[in-house]
Amino acid sequence: MSHESFPTENPAVVTCGLPYANGDLHVGHLRTYVGGDAYARALEKLGQATAFVSGSDMHGTPVAVNAWREGVSPEEFALRHHEKYAETFPEFDVEFDNYGHTREETNVELTQDFVRELDDGGHIYEKEIEVAWDPEEDQPLPDRYVEGTCPYCGEHARGDECDEGCGRHLEPGEIENPTSVITGNPAEYRTREHEFLRLSEFQDYLGEFIDRLDGTANARNQPREWIEGELQDWCITRDLDWGIEYPDEEDLVLYVWVDAPIEYVASTKQYSERVDTDGYDWEEVWQDEGEIVHIIGRDIIQHHTVFWPAVLHGVGYNEPRSVMASGFVNLDGKGFSTSRNRAVWADDYLDEGFDTDLYRYYVTTGTGFQQDVDFSWERFAERVNGELVGTLGNFCYRSLLFAHRNYDGTPDSEVSAEIEERIEDAIEDFGDGVDGYSVRAIGQVPVELAQFGNEYIQGHEPWKLDDPERGTVIRDCVQLVKAIAVLAEPVMPSTAERLWSQLGESGSVHDATLDAALDAPSANFDAPEELFEKIDDDRVAELNEELEAQIAAASEDGADDTADEAGSDDAAEPAVDLPALADERIGFEAFQDLDIRVGEIELAEGIEGADDLARLEVDLGVETRQVVAGIKQLHGLDELPGTRVVVLANIEKNELFGVESNGMVLAAGEDADLLTTHADSVPGTKIR
RNA sequence: AGCGGGAUAGGAUAGCCAGGAGAUUCCGGCGGGCUCAUAACCCGCAGACCGGUAGUUCAAAUCUACCUCCCGCUACCA
């Protein structure tokens, strides 16, 4: 690593990517915040002065569009989500020192200061660009205010991205038949003056910066393509009412990605003002010497490793020490989809009554931070039952119970050297976890210690011993429990707190630093309680049924199948309506070119190595064809033979996973709802 | 298409940056033990030649090149 180990003399600031005030939070989003919270707590355990801040991202086109759709003001719309987020995070023990939002005065002022400073430094220039316009309403239509037809694939698309078809990014002016989302009027393109940041000037600086940057590998490497290639200047204004005004320009607002990261600074400033600069000095961290750690979803790496450091450098601020970019959370192996309601929502998790530490532990220790992690109730129960109930909970409970019954607390004896060393090793592992930006490693430390404790108590069998030998063993075990409480605090704060009070300790485990792990435990404590409850198989089945029912209900509502990424900072996508019917008409001749036949499935088997491909043999009357279809996971393959289907017979042959596909089985939607016939047309019948 | 991340026992994961003893841990399987503990815990056994190919090296899961497959990013979406 290119920086000094933690703790350093400087204050640190840990930030979490701003959630976009546009939807509800699910357990995928929460991963980044739990990781950030755990990391900030771990720094504090090391004795590092740390501020942990974030805030809601209130501006931008999606908020404006969705507010308009709901018929409320953007302010009201965004604030509602902001308040919900501010309430939800603490419920998952994500305790920001300050959680603000980008619309607050502190951020507005600071943002305008930044922009003036950049302008004074000659980093900004004006340039004319093409912008979509609604001529009837005389209103600009940035970004998502426009929809039309994708010039590449012909699908219905948003102005900025072909979201339903090929997924390509679209430049302004590229989309065909542009119309206004607001009025449905045809849109035209006009020339407008916009402000640009001379990003290209920062190329050399950024090249050095990226080599110094710590954090996860993806954050260091992904921006290289840009930084080591050719940087384009960055348009930092929008024609929009909703946003922070560009200084001295009435009809331009700043692009959200300018004011959003400045909220990191603004939020720190608010914290600083609240605790007084003696407690924490925001200017020291951001402008002088400080450890800036950004924790984000991996979908916004470029913003934090290219745009943002350039802005900071441009105004003469500190640069980030590290960027930790988290992987996504998948649900049973597939991405969350908010529009299909294929998600475990934050509120639903809480309503099930599970301790938030279970989720926190699961999501931080399941894989490395930058790797995607799969969420399933089975796996959740498995890890809770094995690692938390069986290993950690059990060791603490049996130790404290034994100690309480026989000694009314901690036996009067010295800790053995072996145990002291083992705890010192654990503390070292913990520190390595912090320096290595691995919340996973941090979270594993207490469980590994408990595992060691179980081996230790089992190996010494204190229930067969008499004092003083018995007392020594139990004394050691109690010490281990105390160390576990301290070391578990970052990832499992509420569990640590419960343990702390079971140990009869005074004060808060949240304020304890690592050396407390070796301090003598209190002489007396009450009978402990079990830390975690097992989740039985019936409960898992119930949870899965609820989830399936929830997804099924959503698909009946006709929601589309836009899958959005989990774990990203952006909150829920708006529920988009079904794509509009195609405008472009085709002739009857074009239809006649399609040879569509009734077929009957004779055989269906999965293709090895493919997740959802199945090899089918389909009787088309005149001959039997081999067809590969992406339906393996969506249908019981055993039930398919005998099913009448509709087959496009003259599609060109294709080879998938080494299996030739000679025809195409027609199906509806993402769930591959197979088309069949209503009466009893025989195989081979032509569809016309 | 380019770039980034990933591919490790039946399943899930660590190790890779700083190459080195027949590769970590969890679940599952098999066989023991214990009874303080939430039928929890402990010990032992079986099981992977670390996606493929070719290199570098005394030595490669780890470094290099190419290839295959998954996921993501690609700048006026946040």
Side-chain angles (χ1 to χ4, degrees), chain A residues 1 17-22 57 59-63 129-132 142-144 158-161 163 168-173 194 196 199 216-226 228-229 231-239 255-257 260 298-303 306-307 325 327-328 330 335 365-368 370-374 378-379 382-383 385-387 389-391 393-403 405-406 436 440-441 444 447-448 451 453-459 461-464 474 477 530-534 565 568-571 573 609-611 657:
Chain A
M1 101 202 56
L18 311 190
Y20 193 56
N22 186 32
D57 184 2
H59 298 128
T61 316
V63 161
I129 55 167
E130 298 272 288
V131 172
D143 313 332
R144 293 189 185 179
R158 285 195 312 237
D160 54 355
E161 178 191 11
D163 57 331
R168 290 187 68 142
H169 168 78
L170 302 179
E171 290 293 314
H194 276 269
F196 282 76
L199 200 60
T216 51
N218 53 357
R220 278 198 312 275
N221 296 329
Q222 191 167 298
R224 291 207 131 91
E225 185 185 18
W226 285 18
E228 290 164 10
L231 281 174
Q232 298 167 29
D233 289 339
W234 188 40
C235 182
I236 56 168
T237 47
R238 293 291 181 275
D239 286 298
Y255 177 39
V256 276
W257 271 112
R298 71 167 168 177
D299 52 340
I300 51 172
I301 289 173
Q302 263 83 348
H303 299 90
V306 182
F307 302 142
F328 297 149
N330 291 319
T365 59
T367 58
Q370 74 163 3
Q371 253 62 267
D372 288 355
V373 62
D374 193 47
E378 284 91 348
R379 185 90 182 116
E382 185 182 298
R383 298 200 53 216
N385 294 344
E387 293 160 47
V389 177
T391 303
N394 184 235
F395 172 69
C396 294
Y397 183 64
R398 71 199 294 203
S399 298
L400 297 189
L401 190 62
F402 201 108
R405 278 184 190 157
N406 296 285
R440 178 179 201 266
Q444 281 175 328
V447 176
E448 283 165 2
Q451 191 172 16
N454 274 325
E455 290 164 25
Y456 185 77
I457 195 169
Q458 196 74 36
E461 301 187 306
W463 47 90
K464 288 182 178 169
I474 295 305
C477 290
E530 292 161 358
L531 289 171
F532 306 105
E533 234 176 84
K534 274 198 132 183
E565 64 291 63
S568 88
D569 287 66
D570 97 8
E573 286 283 299
D611 286 341
F657 277 80

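Naming: A, B, ... by sequence-line order, numbering from 1 per chain.
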Report the C-alpha separation of T237(A) and C235(A) in whole Å, then their side-chain angles, then the decisive distance to 0.1 Å, and conclude whether the side-chain contact (heavy atoms from CB on, under 4.5 Å) test is met.
-> CA-CA 6 Å; T237(A) 47; C235(A) 182; 4.3 Å; yes

Quick one: does [X]'s side chain have a donor or acceptor within less than 3.5 Å of a partner on [Y]'s backbone?
X       : Y       : result
D372(A) : G327(A) : no
Y20(A)  : V63(A)  : yes
D233(A) : L199(A) : yes

Does atom CD of E382(A) have more than 12 heavy-atom neighbours from other groups under 6.0 Å away?
->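 Enclosed: over 12 neighbouring heavy atoms sit under 6.0 Å from CD of E382(A).
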
Is there a donor and acceptor pair, one atom on the side chain of W234(A) and one on the base of A75(B), closer than 3.5 Å?
->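 Answer no: no donor N or O sits under 3.5 Å from an acceptor.
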
So which nucleotide from [options] ends up closest to the side chain of [X]?
X       : options                : value
Q451(A) : A40(B), C26(B), C73(B) : C26(B)
N394(A) : C41(B), C73(B), C76(B) : C41(B)
N454(A) : C76(B), U38(B), C41(B) : C41(B)
F402(A) : C36(B), C76(B), C73(B) : C36(B)
R298(A) : G72(B), U74(B), A78(B) : G72(B)
P62(A)  : A78(B), G4(B), U74(B)  : A78(B)

Hey, could you give me the [atom1]/[atom2] distance between [X] and [Y], rounded to the nearest 0.5 Å?
X       : Y       : atom1 : atom2 : answer
N394(A) : N454(A) : CG    : CG    : 5.5 Å
L401(A) : C396(A) : CG    : SG    : 12.5 Å
R405(A) : L400(A) : CZ    : CG    : 12.0 Å
Q370(A) : R440(A) : CD    : CZ    : 12.5 Å
Q444(A) : Q451(A) : CD    : CD    : 10.0 Å
I457(A) : I474(A) : CD1   : CD1   : 4.5 Å

Under 4.0 Å, heavy atoms only, any strand: does [X] hit a base, just the sugar-phosphate, or nothing?
X       : result
I129(A) : base
E530(A) : base
R383(A) : nothing
H303(A) : base
V256(A) : sugar-phosphate
F532(A) : base
L231(A) : base

How long is the line joining [atom1] of [X] and [atom2] of [N], in whole Å?
X       : N      : atom1 : atom2 : result
L400(A) : U38(B) : CG    : P     : 13 Å
N330(A) : C71(B) : CG    : P     : 10 Å
E130(A) : C76(B) : CD    : C1'   : 12 Å
D233(A) : A75(B) : CG    : C1'   : 11 Å
I236(A) : A78(B) : CD1   : P     : 14 Å
W226(A) : C3(B)  : CH2   : C1'   : 11 Å
I457(A) : C41(B) : CD1   : C1'   : 9 Å
D57(A)  : C77(B) : CG    : C1'   : 11 Å

Run the numbers on R398(A) and Q458(A) for side-chain contact (heavy atoms from CB on, under 4.5 Å), then give the verdict.
-> CA-CA 11 Å; R398(A) 71 199 294 203; Q458(A) 196 74 36; 3.2 Å; yes

Between V306(A) and R224(A), who's closer to the 5' end of RNA chain B by nearest nucleotide?
->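 Going by which nucleotide is closer to the 5' end, it is R224(A).
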
So which one's nearest nucleotide on RNA chain B is more toward 5', G386(A) or N218(A)?
->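 Looking at the nearest nucleotide for each, N218(A) comes out on the 5' side.
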
Between E530(A) and V389(A), does a side-chain contact (heavy atoms from CB on, under 4.5 Å) hold up when you go through it step by step?
-> CA-CA 9 Å; E530(A) 292 161 358; V389(A) 177; over 6 Å; no

So what's [N] paired with, Watson-Crick or G-U wobble, going by both distances under 3.5 Å?
N      : result
A61(B) : none
U24(B) : none
C3(B)  : G72(B)
G51(B) : C67(B)
U35(B) : none

Per-nucleotide protein contact string for nucleotides 29-34 of chain B, where B marks a base within reach and S marks sugar-phosphate only (heavy atoms under 4.0 Å, - for neither) | ----BS

Do nucleotides 6-17 of chain B as a string where each nucleotide becomes B, S or -: B if the base has a protein heavy atom under 4.0 Å, S if just the sugar-phosphate does, - if no protein is that close.
-> S-----SSS---

Closer than 4.0 Å, any side-chain N/O of Y397(A) to the OP1 or OP2 of A37(B)?
->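 So the side chain of Y397(A) is outside the cut-off, no N or O lying under 4.0 Å from OP1 or OP2 of A37(B).
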
Give a yes/no answer on whether the side chain of Y456(A) brings an N or O atom under 4.0 Å of OP1 or OP2 in C42(B).
->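 Checking C42(B) against Y456(A), no side-chain N or O comes under 4.0 Å of OP1 or OP2.
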
Gap in Å between the two [atom1] atoms, one belonging to [N] and one to [M], rounded:
N      : M      : atom1 : result
C43(B) : A60(B) : P     : 33 Å
C77(B) : G20(B) : P     : 46 Å
A23(B) : A59(B) : C1'   : 16 Å
C50(B) : G22(B) : C1'   : 14 Å
C73(B) : C30(B) : C1'   : 47 Å
C63(B) : G19(B) : C1'   : 7 Å
G47(B) : A1(B)  : C1'   : 42 Å
U56(B) : A48(B) : P     : 29 Å

Please determine which of Y255(A), W234(A), W257(A) meets the ring-ring contact (aromatic ring centres under 6.0 Å, His included) test together with F307(A).
->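 By the ring-ring contact (aromatic ring centres under 6.0 Å, His included) criterion, F307(A) pairs with just one of Y255(A), W234(A), W257(A): W234(A).
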
How about R298(A) and T216(A): does a side-chain donor come under 3.5 Å of a side-chain acceptor?
->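 No pair is found: no donor N or O on one side chain lies under 3.5 Å from an acceptor on the other.
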
Please list each protein N or O that sits under 3.5 Å from an N or O in nucleotides 43-47 of chain B, with the distance.
none

